[in-house]
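These notes are about the structure you will find just below.
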Amino acid sequence: MINYNDAFNSAKLIPGAHRYLPGWKKKSKAFREMMNEQSKAQIDVLYDEDENLVMDVFSPGPYVEATVVFVHGGFWTDYEKSTFSYLAMGPVLNNMRVIIPALPKCPDVTIPEINKSFIKCLRVVCRRFTGDILLVGQQSGAHIVGRSIIKDELSDTILERIKHVMMLSPISDLKPLLYTNKKEDLHLTEEIATAETLSNLNLSDNMKVTIWVGADERPIYLEQAQQLATAWKCSWVKSKNRHHLDIADGLGKNTSKLMNTLMAYRFK
């Protein structure tokens with residue numbers, strides 16, 4: 001039987017994996033300080049009074065071409081939004097506003113409850129800001145983003161504004177997590193795992209989705225990317241020389257293959 005604890009342990013095979021988290025935090029702190037000095041950052045903006053949930057908003061200036069909403073990974077249990085501020089650099093340099101929400105975490109809540117909180121966030125974003133919306137999520141964040149664009153989750157008015165969804169190294173099939181030590185913290189049952197597996201669900205009509213995974217990823221992430229791309233009939237990319245801990249780094253750059261792909265919705 002496959003050892004799924006090992007299969008999902010990306011850091012195990014990445015040299016210097018322990019240095020990534022401190023590096024993310026350092027770059028993110030510097031980015032927030034720079035944006036604050038320019039009065040282009042709003043930190044901890046409330047989007048759900050009932051749950052006291054907040055989001056960070058980074059703006060390029062008076063001209064905004066679109067709004068990017070980024071949801072970080074961490075198996076629904078780990079990391080804070082502030083860790084990933086540095087990934088807003090690329091979109092901001094391309095005249096895009098970036099929103100990074102804090103979402104509730106397991107084991108305090110269930111995965112379906114996290115998904116509902118993200119839907120609330122999206123509705124607030126669409127009321128507060130005009131223009132096109134781009135959704136980007138990584139790992140469990142990619143699942144959260146993907147779950148939001150399932151049929152009948154969002155109104156047609158919001159769906160029409162979502163021009164591109166990018167899912168980076170997504171966990172799209174939750175069933176293997178039933179055989180890991182994360183099962184209890186995630187409150188995962190066979191019923192929830194099946195109901196939340198994206199390939200079992202119908203994508204909203206006319207939704208542009210790109211799945212982006214590192215060529216050096218663990219096999220389970222490559223398999224899940226291909227499985228979902230097949231089910232949803234969307235494109236997927238194996239990014240050369242990228243792995244689980246640097247797959248999102250292209251977002252932090254003015255020009256990169258990832259940024260260029262994200263912005264390609266403009267030329268369809």
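In this structure a side-chain-to-backbone donor-acceptor pair under 3.5 Å is missing from Ser204 to Met207. Without hydrogens or angle criteria, Ser148 side chain to Val145 main chain gives a donor-acceptor distance under 3.5 Å. Side chain of Thr194 to backbone of Glu191: no donor-acceptor contact under 3.5 angstrom is found. Looking at Lys27, its side chain never comes within 3.5 Å of a backbone N or O of Tyr86 through a donor-acceptor pair. Counting only distance, with no hydrogens or angles, the side chain of His187 and the backbone of Pro107 share a donor-acceptor pair below 3.5 Å. Panel note: side chain Lys163, backbone Glu160; a donor-acceptor pair is recorded below 3.5 Å. Checking side-chain atoms of Thr197 against main-chain N and O of Ser199 turns up no donor-acceptor pair under 3.5 Å. Between the side chain of Gln139 and the backbone N or O of Gly74, at least one donor-acceptor pair lies under 3.5 Å. Looking at Glu153, its side chain never comes within 3.5 Å of a backbone N or O of Ile150 through a donor-acceptor pair.
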Note to self: Working note: Leu258 + Leu168, criterion side-chain contact (heavy atoms from CB on, under 4.5 Å); need CA distance, chi angles, decisive distance, verdict.
What the structure shows: CA-CA 10 Å; Leu258 195 157; Leu168 315 180; 4.1 Å; yes
Checklist line | Criterion side-chain contact (heavy atoms from CB on, under 4.5 Å) on His243 and Ser10, from CA distance to verdict | finding: CA-CA 8 Å; His243 53 64; Ser10 297; over 6 Å; no
Item checked: Test salt bridge (Lys or Arg N to Asp or Glu O under 4.0 Å) applied to Asp44 and Lys81, step by step -> CA-CA 10 Å; Asp44 292 339; Lys81 62 179 170 50; 2.6 Å; yes
Next item on the list: In sequence, state the C-alpha distance, the side-chain angles, and the governing distance for Thr210 and Thr261, and then conclude on side-chain contact (heavy atoms from CB on, under 4.5 Å).
Entry: CA-CA 8 Å; Thr210 302; Thr261 301; 4.1 Å; yes
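Qualifying salt bridge (charged side-chain N to carboxylate O under 4.0 Å, His left out) partners for Glu65, counting only residues two or more places apart in sequence or in other chains: Arg266. Residues satisfying the side chain to side chain donor-acceptor pair (under 3.5 Å) test with Asp216, not counting sequence neighbours, are none. For Asp205, the salt bridge (charged side-chain N to carboxylate O under 4.0 Å, His left out) partners at least two apart in sequence or on another chain are Lys151. Scanning for salt bridge (charged side-chain N to carboxylate O under 4.0 Å, His left out) contacts around Lys25 gives an empty result, with sequence neighbours left out. Legend: residues meeting salt bridge (charged side-chain N to carboxylate O under 4.0 Å, His left out) with Arg218, ordered by chain and number and at least two apart, are Asp6. Listed by chain and number, the residues in a side chain to side chain donor-acceptor pair (under 3.5 Å) with Lys29 amount to none (sequence neighbours excluded).
For residues 198-230, every residue pair satisfying the ring pair (Phe, Tyr, Trp, His ring centres under 6.0 Å) rule, not counting sequence neighbours, is listed here: Phe8-Tyr221, Tyr221-His244. The stretch residues 48-71 participates, sequence neighbours left out, in these ring pair (Phe, Tyr, Trp, His ring centres under 6.0 Å) pairs: Phe31-Phe58. Pairs of residues two or more places apart, or lying in two chains, that qualify as ring pair (Phe, Tyr, Trp, His ring centres under 6.0 Å) and include a residue from residues 119-148 are Trp76-His143.
Leu134 and Val64 end up in different hydrophobic clusters when Ile, Leu, Val, Met, Phe, Trp and Tyr side chains are linked at under 4.5 Å. Leu13 and Leu245 are assigned to two separate hydrophobic clusters, defined by single-linkage of ILVMFWY side chains at heavy-atom distances under 4.5 Å.
Here the closest heavy-atom approach between residue Pro91 and residue Leu87 is recorded as CD-O, 3.5 Å. Taking each heavy atom of Val92 and Ser59 in turn, the nearest pair found is CG1-O, 4.3 Å. Considering every non-hydrogen atom in both Gln224 and Pro176, the closest pair reads NE2-CG, 3.9 Å. In terms of heavy-atom proximity, Leu154 sits nearest to Leu159 at O-CD1, 3.6 Å. Pairing each heavy atom of Met167 with each of Val209, the nearest pair is SD-CG1, 3.9 Å. Shortest non-hydrogen contact noted between Met55 and Cys121 is SD-SG, 4.2 Å.
No donor-acceptor contact under 3.5 angstrom links the side chains of Tyr179 and Asn5, judged on distance only. Using modelled atom types, one finds a donor on one side chain and an acceptor on the other under 3.5 Å when comparing Glu217 with Ser169. Counting only N and O atoms by type, the side chains of Glu196 and Asn115 include a donor and acceptor under 3.5 Å apart. No side-chain donor from either of Thr83 and His72 sits under 3.5 Å from a side-chain acceptor of the other.
Contact check on Lys105 versus Asp185 returns no salt bridge, with no Lys/Arg side-chain nitrogen under 4.0 Å from an Asp/Glu carboxylate oxygen. Here Glu51 does not pair with Lys116 in a salt bridge; the nearest charged N to carboxylate O distance is not below 4.0 Å.
Open room surrounds CG on Asp152; 12 or fewer heavy atoms of other groups in view lie less than 6.0 Å from it. The environment of NZ in Lys257 is sparse: at most 12 heavy-atom neighbours from other residues, nucleotides or ligands sit within 6.0 Å. No more than 12 heavy-atom neighbours from other residues, nucleotides or ligands sit within 6.0 angstrom of CD on Glu80.
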Side chains of residues 93-102: which donor-acceptor partners sit under 3.5 Å, not counting sequence neighbours?
| unit_1 | atom_1 | unit_2 | atom_2 | d |
| --- | --- | --- | --- | --- |
| Asn94 | ND2 | Gly90 | O | 2.9 |
| Asn94 | ND2 | Asn254 | O | 2.8 |
| Asn94 | ND2 | Asn254 | OD1 | 3.3 |
| Arg97 | NH1 | Thr67 | OG1 | 2.6 |

Hey, can you pull the donor-acceptor pairs under 3.5 Å for the side chains in residues 232-242, sequence neighbours left out?
| unit_1 | atom_1 | unit_2 | atom_2 | d |
| --- | --- | --- | --- | --- |
| Trp232 | NE1 | Leu198 | O | 3.4 |
| Trp232 | NE1 | Leu201 | O | 3.2 |
| Arg242 | NH1 | Asp246 | O | 3.2 |

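Val54 forms part of a hydrophobic cluster together with Leu46, judged by ILVMFWY side-chain heavy-atom separations under 4.5 Å.
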